[in-house]
Amino acid sequence: MSAFPRLTASPARLPLDNVDTDQLIPARFMSRARSEGYGAVLLHDLRKKDPAARLPDGASILIAGRNFGCGSSREAAVYALFDFGIRVVLAPSFGDIFASNAVNNGVLPAVIPADRLARLEGEITVDLERVEITHSGGKIGFEIDPVWRTKLLNGWDDIDLTAQHAQAIASFKAAHHARAPWTRPMILG
Amino acid sequence: MSNPQTLFDKVWGAHVIHARPDGTDLLWVDRHFVHEGSHHAFRKLAARNMVLAEPGLTFGVTDHYAPTRGAPASDDIAGMIQTLKANAQTHGLEHFALGDPRQGIVHVIGPEQGLTLPGLVIVCGDSHTSTHGAFGSVAFGIGATDVAHVLATQTIWQRRPRAMRITVEGTLSPGVTAKDIALAWIAELGADGARGHAIEYAGSAIRALSMEGRLTLCNMSIEGGGRFGMIAPDEVTLDYVKGRPYAPGDWDRATAAWLALQSDADAAFAREVTLTATDIAPTLTWGTSPDQAVPITGHVPQDATRDVLDYMGLRIGDPLNGTPVDQVFIGSCTNARIEDLRAAAAVLRGRKARVPGLVSPGSSAIKRQAEEEGLDAVFVQAGLDWVASGCSMCVGMNGDLVAPGKRCASTTNRNFKGRQGPGARTHLMSPAMVAAAAVTGTLTDVRPLLEGRER
Ligand code: SF4
């Protein structure tokens, strides 16, 4: 994963609450390989019916409604956003699993109260380093888990990080299975 | 004296390998379930030339794309099923594949096989993994990147969520089930009501639930935004686990550890919510979010928005009771266990369905048991289709879809736009309520239909 850039763009808006992962990518598109690209199926069904869900081509920042990405754990919802070009989603709140998936794919889920989002106009700059957004009317902060911020800024990959703990994992496993042998399925003996 | 702990703290704490100063813990994972949708994660593993860390703790399940009538509906679907099979073979993991007598929906067969036990950390690339918390385990859904991480390391990095307790006191009225408790609390707190929290369900009404009911309740946690739902183990839990294929051999030692998994009396919860069981009526959704739910005697609320009303084909103030439905679905990891099928059959026995419908048991074992009990005959004689086990019309990935504009009374967990198919109109409710909808051809109160009947 590459490190998170400072980003300047005019945000697209999707002013709906509870946009769930089934809207972001309908189930029938989930069998495709990532290499086929998911951008074309972002909001596939919703945008046909609801003009508000037609995001402009080239959008990289999205202003969304409350509880964005609620629903399933399908990471393909983030793939669809990413492949479309979205790198930042600003919303009053996010589904827990979606937010975690976003960070794992280099997409910033930034939490900002709805009244402040409404005031953002024109081009804005999202600066993750300083956890602030510059817009025509000044600067506002946003919320991001500090752990996620570090991870995004450094482009860290969890598997690499975990490799440093290989020894601790091995000793934990031995102790855990000795302390609670029933945690292993019987088939292991 | 150590600090008072919640049930969640105790299970989580027993799995921390490394606590990072920034507040993120590296957790050991006792069980990892993978399904057809895990293909992205296996690909990531292959791209890094890594092998599966713990094949013995990883279990494959064919469910999301499983055909319910004969062969897979398309090459694409067959390919998804085949890819999982190939990955399971490559990595040497136990796989409950199509045709295996143990096959079924992941959140049904984990418990059924005795793989789901109290005190475990369980993950799966599926948001309804919260289901397994019904045994007092920390069970949660993860995305593909995290699935790949668990495959590679058998561990996962997580920030500890805040603790929340939903207490339900009293006795549920006849015709009211765990599904109604779930829809009631989600309607009250909202689809993001438990966001950032791990829920513990407690109180006399919860203790009185069967294991099936507890699974239904924990399953729905994510629909209220809660990634985790838990219930402390008790005798009901132990009775369910005993004798299951993977139940532990060192039973006495295991059960002693399990029964100690209770929240301490003075443990602190960041949030406490209390419901009264007798206040809960048979409940159903009217809209396109699980929190848009009302008692069956209720109406489409005044604050319903235009887009939802248009999608659902309803108007403000419409009574739910009497609204015609086009079809019914009894299935999914929420409500397709044996008790659910019995509850639906109790309403349908000796009656005809006025609309078509599909009944897909939660597992192949449940299908066999239902057939032994003669429940299949009840459904078939009523005019419903009795089909094989899988996720089926809960998500439609196998091709079992509700047609555009059709209204379906469904025992599933999500009424999102398009969830059961593009344009499908879903109303979530309990199995008994779905059976009642089948019998009358409308959304209806099941309670009068239960009078004089054995449950
Ligand atoms: S039955 Fe539905 S909710 Fe359950 S695992 Fe399958 S698709 Fe997901």
Side-chain angles (χ1 to χ4, degrees), chain A residues 16-18 20-23 26-28 30-34 45-46 49-50 52 66-67 70-79 93-98 100-101 104-105 145-147 150 157-159 161-163 165-166 168-169 171-173 176 179-188, chain B residues 14-15 17-18 20 22-24 26 28 30-31 37 40 43 48 50 56-57 76-77 79-80 94 115 117 119-120 125-127 141-146 148-149 152-155 157 159 191-192 195-196 225 227 246-250 253-254 257 289 307 395-397 414 416-419 422:
Chain A
L16 303 168
D17 288 342
N18 296 321
D20 56 74
T21 50
D22 279 75
Q23 305 314 312
R28 61 185 184 282
M30 285 174 52
S31 57
R32 45 174 71 196
R34 182 68 194 276
D45 295 349
L46 193 62
K49 278 177 299 223
D50 194 340
R66 194 181 112 182
N67 204 21
C70 60
S72 84
S73 63
R74 57 181 75 164
E75 199 160 296
V78 180
Y79 302 162
S93 62
F94 293 90
D96 285 341
I97 310 180
F98 172 86
S100 158
N101 289 342
N104 279 335
N105 287 277
D145 183 318
V147 177
T150 316
D157 174 292
D158 280 347
I159 295 183
L161 285 185
T162 308
H165 299 280
I169 294 171
S171 11
F172 179 91
K173 177 185 163 185
H176 183 59
R179 185 175 57 229
W182 46 268
T183 62
R184 307 172 77 190
M186 270 227 307
I187 202 164
L188 294 180
Chain B
H15 289 80
I17 298 165
H18 175 78
R20 238 172 29 204
D22 62 20
T24 307
L26 183 65
W28 176 256
D30 296 303
R31 299 284 185 280
H40 291 292
R43 222 174 255 142
R48 302 174 77 119
M50 294 184 80
L57 302 179
D76 192 33
I77 291 168
M80 290 295 283
E94 180 84 89
L115 286 166
L117 300 171
L120 303 183
D126 189 282
S127 60
I142 57 178
T145 302
D146 285 339
H149 186 274
T153 66
Q154 201 59 28
T155 66
W157 293 100
R159 178 184 280 282
D192 57 355
R195 192 167 34 78
R227 200 174 177 181
Y246 286 91
D250 47 350
R253 186 170 169 191
S289 175
D307 68 309
V395 69
M397 287 180 180
R414 288 194 172 134
F416 297 159
K417 287 176 185 163
R419 171 75 175 184

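Note on naming: letters A, B, ... go to the chains in the order of the sequence lines (proteins, then strands), and numbering restarts at 1 for each one.
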Per-residue tally against chain A (heavy atom, under 4.5 Å) across B:Lys417, B:Arg31, B:Gln154 peaks at B:Arg31

May I ask you to test the B:His40-A:Glu75 pair for a side-chain heavy-atom distance under 4.5 Å? no

For the pair B:Arg419 (side chain) and A:Asp22 (backbone), establish whether a donor and an acceptor sit closer than 3.5 Å, ignoring hydrogens and angles. no

Are B:Arg43 and A:Arg34 side-chain neighbours, meaning at least one heavy-atom pair lies under 4.5 Å? no

Heavy atoms only, distances under 4.5 angstrom: which of A:Cys70, A:Ala180, A:Ala27, A:Gly71 has the most pairs with chain B? Name it, please. A:Gly71

Atom group of B:Ala257 that falls short of 4.5 Å from chain A, counting heavy atoms: side chain

Is chain B contacted by the side chain of A:Arg32, its backbone, both, or neither, given a heavy-atom distance below 4.5 Å? backbone

Is A:Phe98 in contact with chain B via its backbone, its side chain, both, or neither, using a 4.5 Å heavy-atom distance? neither

Should the pair A:His176 and B:His15 be assigned to parallel (<30°), tilted (30 to 60°) or perpendicular (>60°) ring geometry? perpendicular

Given A:Ser93, A:Pro26, A:Gly95, the one with more heavy-atom pairs under 4.5 angstrom with chain B than any other is A:Ser93

Could you look at A:Asp158 and say if it's the side chain, the backbone, both or neither that has a heavy atom under 4.5 Å from chain B? both

Are side-chain heavy atoms of B:Arg20 and A:Val147 found at a separation under 4.5 Å? yes

With a 4.5 angstrom heavy-atom cut-off, which part of A:Ala33 approaches chain B: side chain, backbone, both or neither? both

Answer key: most heavy-atom pairs under 4.5 Å with chain A among B:Leu115, B:Val395, B:Asp30, B:Thr153 is B:Asp30

Rounded distance [0.5 Å steps], CG in B:Asp192 versus CG in A:Asn18: 6.5 Å

Heavy-atom pair count under 4.5 Å with chain A, highest-scoring of B:His18, B:Met50, B:Met80, B:Arg48: B:Arg48

Under 4.5 Å from any heavy atom of chain A, what part of B:Arg195 do you find: side chain, backbone, both or neither? both

NZ/NE/NH1/NH2 to OD/OE distance under 4.0 Å, B:Arg159 and A:Asp96: no

Heavy-atom nearest pair, A:Asn101 first then A:Ser73, reads ND2-O, 3.0 Å

Contact winner vs chain A - B:Gly196, B:Ala144, B:Gly141, B:Gly249, heavy-atom pairs under 4.5 Å: B:Ala144

With chain A as the partner, which of B:Asp250, B:Leu120, B:Thr155, B:Asp76 has the greatest number of non-hydrogen pairs under 4.5 Å? B:Asp250

Most heavy-atom pairs under 4.5 Å with chain B, out of A:Pro146, A:Ala168, A:Pro181, belong to A:Pro181

Residue, of B:Ser289, B:Gly79, B:Ala152, B:Pro422, that accumulates the most heavy atom pairs under 4.5 Å with chain A: B:Pro422

Taking the side chain as every heavy atom from C-beta outward, state whether B:Arg227 and B:Ile142 have any pair of such atoms under 4.5 Å apart. yes

Do A:His165 and A:Phe172 come within less than 4.5 Å of each other through their side chains, counting heavy atoms only? no

In terms of heavy-atom pairs under 4.5 Å, which option from A:Ile169, A:Asp17, A:Asp20, A:Leu46 contacts chain B the most? A:Asp20

Non-hydrogen atoms of chain B under 4.5 Å away: do they reach the side chain of A:Asp145, the backbone, both or neither? side chain

Close side-chain approach of B:Leu57 and A:Pro185, heavy atoms under 4.5 Å: yes

Proximity breakdown for A:Ser100 and chain B, heavy-atom pairs closer than 4.5 Å: side chain

